[in-house]
Amino acid sequence: MKADATFQAPPPGARPDWTIDQGWEAYSDAEHQVWITLYERQTALLPGRACDAFLRGLDALDLHRTGIPDFARVNEELSRLTGWSVVAVPGLVPDDVFFDHLANRRFPAGQFIRKPQELDYLQEPDIFHDVFGHVPMLTDPVFADYMQAYGKGGQRALGFGHLHNLARLYWYTVEFGLMETAAGLRIYGAGIVSSYSESRFALDDPSPNRLGFDLERVMRTPYRIDDFQQVYFVVPALQTLLDVTVETDFAPLYARLETASDIPIAAIEPADRVFTRGTQAYANAGGRTAA
Ligand SMILES: C[C@H](O)[C@H](O)[C@H]1CNc2nc(N)[nH]c(=O)c2N1
Ligand SMILES: N[C@@H](Cc1ccccc1)C(=O)O
Ligand SMILES: [Fe+2]
């Protein structure tokens, strides 16, 4: 289901808000096995790589090794912790629908799971990316508030015609964010923690730039949806991310962005705080199509 302008009505069987029943009883043994394989690979890799909030959330929700989690069970704990819940959707939903869910502390998660032959690369977010990647962070009170604020900000950005700028903020934080900690850089972005290869690449590979997070800078930086990122942005703490985004009125920022040029994806600007000056070797060699 592509969330493009030609398909804005919910598919047959979905509710007006695009949600569907998870239908947990209907997952096959093979589908549960895909979850278990992915879960075990990631949980072996993530201690020392994912941030504490993610690892704590993973423990708290007990997204068990025994198969695809039942949203009803996850929601008991999640709603108790931060008032968030997970709702099932058929795939990508239109932007306004997505933001309405977030603004009401509902996270729309794909109901389907990837096929065993596509463990490592997906076009559309499946239940593993959405639930394993995103939901643990929603147990953190600060991140929980950030996601809700983002949903409200999304509604506002649509009104200003600046969703493309706000989408970059989501991409470089919620999906591909890194955090600076006393123990070193850690991952909090869902696109990284749910990926076996990128959870190593994002922290260890000499190729990508790793730069300090700056709101306007991020909103001027395009991103890649087809391969590992060429730049990651590092926040000092989740609280800092929440504070700057909530305290900044984006309206004047959007107005400035009308005339500001995009920053080339691999560029380093004089004002950037540089954690890693990447070689860009991976991207320059052609990325995943060359590998
Ligand atoms: C910009 C916006 O955040 C993005 O395009 C939305 C659209 N619809 C979505 N729908 C689902 N199910 N999951 C998503 O992450 C998104 N992302
Ligand atoms: N402060 C933003 C809203 C927002 C908050 C948090 C994250 C993203 C956006 C605005 O004025 O539009
Ligand atoms: Fe995602």
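Just so you know, ligand 1 is whichever comes first in the structure, and atom 1 is the first atom listed for that ligand.
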Quick one: sort the [X] and [Y] rings into parallel, tilted or perpendicular, breaks at 30° and 60°.
X	Y	answer
Tyr254	Phe160	tilted
Phe176	Tyr232	tilted
Phe98	Tyr170	perpendicular

Asp126 side chain to His129 main-chain N or O, any donor-acceptor pair under 3.5 Å? yes

Which atom of Glu175 is nearest the Fe ion (ligand 3), counting N, O or S only? It is OE2

Does Ala109 have a heavy atom less than 4.0 Å from any atom of ligand 1?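 No; Ala109 lies far enough from ligand 1 that no heavy-atom distance drops under 4.0 Å.
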
Please report, to 10°, the angle around the Fe ion (ligand 3) from atom NE2 (His129) across to atom NE2 (His134).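 Computed angle, vertex at the Fe ion (ligand 3), rounded to 10 degrees: 100°.
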
Provide the number and element of each atom of ligand 1 under 4.0 Å from a heavy atom of [X].
X	answer
Leu92	9 (C), 10 (N), 11 (C), 12 (N), 13 (N), 14 (C), 16 (C)
Gly91	12 (N)
Asp95	1 (C), 2 (C), 4 (C), 5 (O), 6 (C), 7 (C)

Does Ile268 have any side-chain contact (heavy atoms from CB on, under 4.5 Å) partners at least two apart in sequence or in another chain, and if so, which? Asn209, Leu211, Asp272, Val274, Arg277

How about Thr43 and Phe132: do any of their side-chain heavy atoms sit closer than 4.5 Å? yes

Any side-chain heavy atom of Arg186 within less than 4.5 Å of one from Asp52?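 No; the side chains remain at least 4.5 Å from each other.
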
In the hydrophobic clustering (ILVMFWY, side-chain contacts below 4.5 Å, transitive), which residues join Leu45, or is it alone?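 So far as hydrophobic clustering goes, Leu45 is joined with Tyr196.
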
Please determine if Val93 has a nitrogen or oxygen closer than 3.5 Å to a nitrogen or oxygen of ligand 1.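 Among all N and O atoms of Val93, at least one is under 3.5 Å from an N or O of ligand 1.
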
Would you tell me which option among Tyr170, Phe98, Phe99 has the nearest heavy-atom contact to atom 6 (C) of ligand 1?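 Of the listed residues, Phe98 has the closest heavy atom.
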
Minimum heavy-atom distance Gln230-Ala266, with the two atoms named: NE2-CB, 3.9 Å

Please tabulate, one line per pair, the protein N or O atoms found under 3.5 Å from any N or O atom of ligand 2, giving the distance to one decimal.
{"unit_1": "ligand 2", "atom_1": "1 (N)", "unit_2": "Thr245", "atom_2": "O", "d": "2.7"}
{"unit_1": "ligand 2", "atom_1": "1 (N)", "unit_2": "Thr248", "atom_2": "O", "d": "2.7"}
{"unit_1": "ligand 2", "atom_1": "11 (O)", "unit_2": "Arg156", "atom_2": "NH1", "d": "2.5"}
{"unit_1": "ligand 2", "atom_1": "11 (O)", "unit_2": "Phe250", "atom_2": "N", "d": "3.0"}
{"unit_1": "ligand 2", "atom_1": "12 (O)", "unit_2": "Arg156", "atom_2": "NH1", "d": "3.0"}

Could you tabulate the donor-acceptor pairs under 3.5 Å formed by side-chain atoms of residues 82-89, not counting sequence neighbours?
{"unit_1": "Thr82", "atom_1": "OG1", "unit_2": "Leu138", "atom_2": "O", "d": "2.7"}
{"unit_1": "Trp84", "atom_1": "NE1", "unit_2": "Ala144", "atom_2": "O", "d": "3.1"}

